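Encoded as structure tokens, the structure appears first; notes follow it.
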Amino acid sequence: MAKTAFTCRDSAVPLADGRTAADVNTGSTTIRIEVTDTRTERVPVLASPAPDAEADRGPLLVAALATHWGTTPHVTAPGKTVWAEISTPPDR
């Protein structure tokens, strides 16, 4: 399994408090992307922003592209992990 870390431009917390990673298992047809932060007061909600809105399109884009997505609260520390899974076609 390969894990790649990258920076999220729209992070609500300093990079030291957040983690973004993509897990790719070469034996699987699913890619999992996780974004973790320490904020508990704001959970992503699927909404329909106004056509000229400059924010709140993230969950809409994730829902359109992902096979499954959701939020997992942290049990032992403040925060949450927002995750999305994208199924890819099997190799031929």
Side-chain angles (χ1 to χ4, degrees):
M1 179 184 307
K3 183 175 273 193
T4 303
F6 53 93
T7 302
C8 181
R9 182 183 70 80
D10 193 30
S11 180
V13 295
L15 190 57
D17 291 335
R19 178 182 61 79
T20 304
D23 291 333
V24 180
N25 184 340
T26 56
S28 176
T29 59
T30 301
I31 298 170
R32 183 177 175 99
I33 301 166
E34 297 180 347
V35 178
T36 299
D37 66 35
T38 57
R39 294 183 69 177
T40 56
E41 72 278 5
R42 188 164 182 217
V43 176
V45 177
L46 189 58
S48 297
D52 60 346
E54 295 184 12
D56 298 324
R57 296 188 189 283
L60 186 65
L61 292 170
V62 170
L65 298 171
T67 308
H68 306 285
W69 73 281
T71 304
T72 305
H74 296 175
V75 177
T76 60
K80 65 187 174 300
T81 298
V82 180
W83 56 269
E85 294 179 344
I86 302 168
S87 294
T88 61
D91 290 336
R92 295 182 192 198

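The structure displayed is predicted, hence computed values, not measured ones. Positions are given from 1, in the same order as the sequence printed here. Worth knowing before you read on, the calculation uses all heavy atoms, side chains too, and leaves out hydrogens, waters and symmetry mates.
Thr40 pairs by the side chain to side chain contact (heavy atoms under 4.5 Å, CB included) definition with Pro78, not counting sequence neighbours. Under the side chain to side chain contact (heavy atoms under 4.5 Å, CB included) criterion, Leu65 pairs with no residue, sequence neighbours left out. By the side-chain hydrogen bond (donor to acceptor under 3.5 Å, both in side chains) test, Thr71 pairs with no residue at all, sequence neighbours left out. The side chain to side chain contact (heavy atoms under 4.5 Å, CB included) test applied to Ala55 returns no partner, not counting sequence neighbours. Take His68 and apply the side-chain hydrogen bond (donor to acceptor under 3.5 Å, both in side chains) test, not counting sequence neighbours, and it matches no residue. Legend: residues meeting side-chain hydrogen bond (donor to acceptor under 3.5 Å, both in side chains) with Trp83, ordered by chain and number and at least two apart, are Thr72.
The backbone N or O of Thr29 sits less than 3.5 Å from a side-chain atom of Thr88, completing a donor-acceptor pair. Thr67 places a side-chain N or O within donor-acceptor distance of the main-chain N or O of Ser87, the cut-off being under 3.5 Å.
Sorted by first and then second residue, the salt bridge (Lys or Arg N to Asp or Glu O under 4.0 Å) pairs with a member in residues 61-80 read Asp37-Lys80; sequence neighbours excluded. Applying the side chain to side chain donor-acceptor pair (under 3.5 Å) test to every pair with at least one member in residues 45-56, sequence neighbours left out, gives these pairs: Arg42-Asp56.
A 4.5 Å side-chain heavy-atom check between Ile86 and Thr30 finds every atom pair outside the cut-off.
There is no path of hydrophobic side-chain contacts, each under 4.5 Å, that joins Val43 to Val82.
Residues Ala84 and Val62 share a closest heavy-atom pair of CB-CG1, 3.8 Å. Nearest approach of Leu60 to Ala47, heavy atoms of both residues: CD1-O, 3.9 Å.
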